[in-house]
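Heads up: the structure comes next, in structure tokens.
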Number of protein chains: 2
Amino acid sequence: MVKYQVPDNQTRDRIFKAASEVFEEKGYDGARMQEIADLAGINKALLHYYFSTKDQLFGAVFQVLLRKMFEKIVSIFMEDISFKEKLRKFFDQHIEILIKNQKLPIFLLNELSHNPELVQGIRETLPYEQLRNSLFQKHAKELKGYGIKKDDMPQLMLTVVSFSVFPFAARDMITMMIPELADNKKFIAFMRDRKEFAADFVITALKNRKK
Amino acid sequence: MVKYQVPDNQTRDRIFKAASEVFEEKGYDGARMQEIADLAGINKALLHYYFSTKDQLFGAVFQVLLRKMFEKIVSIFMEDISFKEKLRKFFDQHIEILIKNQKLPIFLLNELSHNPELVQGIRETLPYEQLRNSLFQKHAKELKGYGIKKDDMPQLMLTVVSFSVFPFAARDMITMMIPELADNKKFIAFMRDRKEFAADFVITALKNRKK
DNA sequence: ATACGGTTAAACTTAATGGTTAATCCTTAT
DNA sequence: ATAAGGATTAACCATTAAGTTTAACCGTAT
């Protein structure tokens with residue numbers, strides 16, 4: 001493979017990374033192409049040389065970030081372990097990921113809510129159907145033992161995900177009510193505590209569910 | 001009190017209402033003063049006559065919306081009923097409010113995350129300290145019976161709130177994974193089901209908590 | 001050598017968009 | 001009736017941001 005002036009497409013990658021940061025931080029409307037160019041260490045002309053419009057750049061970034069987050073979740077839930085184990089593992093790993101990407105949830109949720117058509121291009125490529133069905137079938141006995149019917153799965157899954165995602169999306173609301181957690185270190189500790197709290201909470205609720 | 005041309009401040013109110021809608025729908029960055037003026041049925045000059053800058057208008061709107069939401073939550077939790085009853089009542093009433101203000105959660109959370117200083121003016125006027133303390137003290141015996149220590153209260157309260165708020169904030173993410181719920185009627189039904197699901201879930205988890 | 005892709009700087013175009021101005025309207029007080 | 005003053009308007013202004021253009025530079029492949 002012949003190398004040109006710039007070996008790989010490092011410029012494109014730098015743009016992509018810069019754009020991810022700026023979009024994630026400010027949202028689509030608040031982001032400025034100039035700021036992205038600055039952060040990538042290039043000028044606006046080159047930025048448009050790689051991504052002709054803001055929309056296109058945003059679309060690319062959004063899709064990657066959404067997929068990244070989604071695939072992490074799926075991969076954990078696809079593993080071949082008991083449902084209870086999955087829960088513990090999920091909260092552990094997912095919360096660690098979110099600690100490293102604290103602004104990601106609110107960014108994804110907000111942009112999605114502002115233009116739902118963003119999903120169009122991604123929907124087909126994500127194995128959400130697969131996840132939904134296989135999750136219930138793989139743990140049919142275990143879930144049946146908990147009195148969880150197939151119809152209950154959406155409520156349950158939403159509940160599980162909200163345990164880890166919501167605190168990050170609502171971070172500043174939490175800070176408002178619990179000023180101690182304004183300190184990032186303490187917030188992270190709080191979220192690490194939450195791993196066990198959440199797993200225990202869900203498992204207890206399931207085990208003792210009225211059938 | 002002498003009345004001038006316009007008896008009450010109906011114009012101001014119309015502006016305020018229009019601004020609430022537009023900001024809630026598009027966010028600060030996505031909102032246009034022109035659109036607000038149009039929706040209020042006036043022109044931009046008059047808009048600036050009442051609210052000199054976009055920031056000022058936004059600040060006023062945001063504060064009112066945040067307080068509105070917060071006070072509803074507080075009022076339910078302050079009532080003089082058992083903790084279990086509070087939970088059921090909270091999920092019932094809170095979810096009904098959110099059904100009528102579906103975009104409010106993501107709006108508040110997103111704007112707050114973009115400029116946390118928004119809280120400054122509001123913090124003092126909200127009885128969150130009061131809520132935190134009185135909640136635990138009022139139900140000391142009941143919560144003790146569940147093995148909830150004072151330190152556990154933030155985790156518990158966050159959990160409770162996330163049951164009702166998160167689904168609205170994540171509405172389009174949910175729609176992506178559960179296409180049936182794209183239909184608003186069905187989504188509302190789903191959320192009404194969730195009232196009982198959430199209350200049962202939390203109460204079961206509490207009752208059987210390992211101490 | 002030369003052709004070409006990546007890159008820069010800088011000036012430019014164009015379409016909003018927030019905010020202003022000066023005049024007009026309307027109601028009430030005198 | 002008329003003056004005063006708040007409410008309202010149409011037109012305007014200044015700035016910003018996306019995207020373009022142009023001319024030049026530089027390293028590598030042919």
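Proteins get letters first, then strands, A, B, ... in listed order; numbering begins at 1 in each. These numbers were taken from a predicted model, which means no experiment stands behind them.
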Quickly work out the B:Asp29 CG to C:dA16 P distance and round it to whole Å.
18 Å
Is the cationic atom of A:Arg12 (NZ for Lys, CZ for Arg) positioned less than 6.0 Å from the six-membered ring centroid of A:Phe51 and within 45 degrees of its normal?
yes
Describe the nucleic acid contact of A:Gly41 in one word from base, sugar-phosphate, nothing, applying a heavy-atom distance below 4.0 Å.
sugar-phosphate
Which residue is it: A:Arg194, A:Lys195, A:Lys86? I am looking for the one with a salt bridge (Lys or Arg N to Asp or Glu O under 4.0 Å) to A:Asp92.
A:Lys195
Of all the choices, D:dA10, D:dA7, C:dA10, which nucleotide is nearest to the side chain of A:Ala45 once you look at every atom?
C:dA10
For the pair A:Phe91 and A:Phe163, name the ring-plane relationship: parallel under 30°, tilted 30 to 60°, perpendicular over 60°.
perpendicular
What string of B, S and - do you get for nucleotides 12-18 of chain D 5' to 3' if you count protein non-hydrogen atoms under 4.0 Å?
-----SB
Any side-chain to backbone donor/acceptor pair from B:Glu85 onto B:Ser82? Under 3.5 Å, distance only.
yes
Checking all strands, does B:Phe51 fall into the base, sugar-phosphate, or nothing category for heavy-atom contacts under 4.0 angstrom?
nothing
What class does the angle between the rings of A:Phe166 and B:Phe166 fall in, given that below 30° is parallel, 30 to 60° is tilted and above 60° is perpendicular?
perpendicular
Between D:dG19 atom P and A:Tyr50 atom OH, what is the distance in whole Å?
18 Å
Please lay out, stage by stage, how A:Phe83 and A:Leu156 fare under the test side-chain contact (heavy atoms from CB on, under 4.5 Å).
CA-CA 12 Å; A:Phe83 193 72; A:Leu156 178 58; 4.0 Å; yes
Which whole-number value in Å describes the distance from B:Ile15 CD1 to D:dA7 P?
11 Å
Residue-phosphate contact under 4.0 Å: B:Tyr49 side-chain N/O, D:dT9 OP1/OP2:
no
For A:Leu46 and D:dT21, give me the distance from atom CG to atom C1', rounded to whole Å.
15 Å
Roughly how many Å is it from CG in B:Leu57 to C1' in C:dG19, rounded to a whole number?
13 Å
Charged N to carboxylate O under 4.0 angstrom, A:Arg192 versus A:Glu96?
yes
Which of the following nucleotides, D:dA10, C:dT8, D:dA7, is nearest to the side chain of A:Ile42?
C:dT8
Between P on C:dT8 and CG on A:Leu47, what's the gap in Å once rounded to a whole number?
11 Å
Would you please confirm or rule out a distance under 4.0 Å between OP1 or OP2 of C:dG19 and any side-chain N or O of B:Ser52?
no
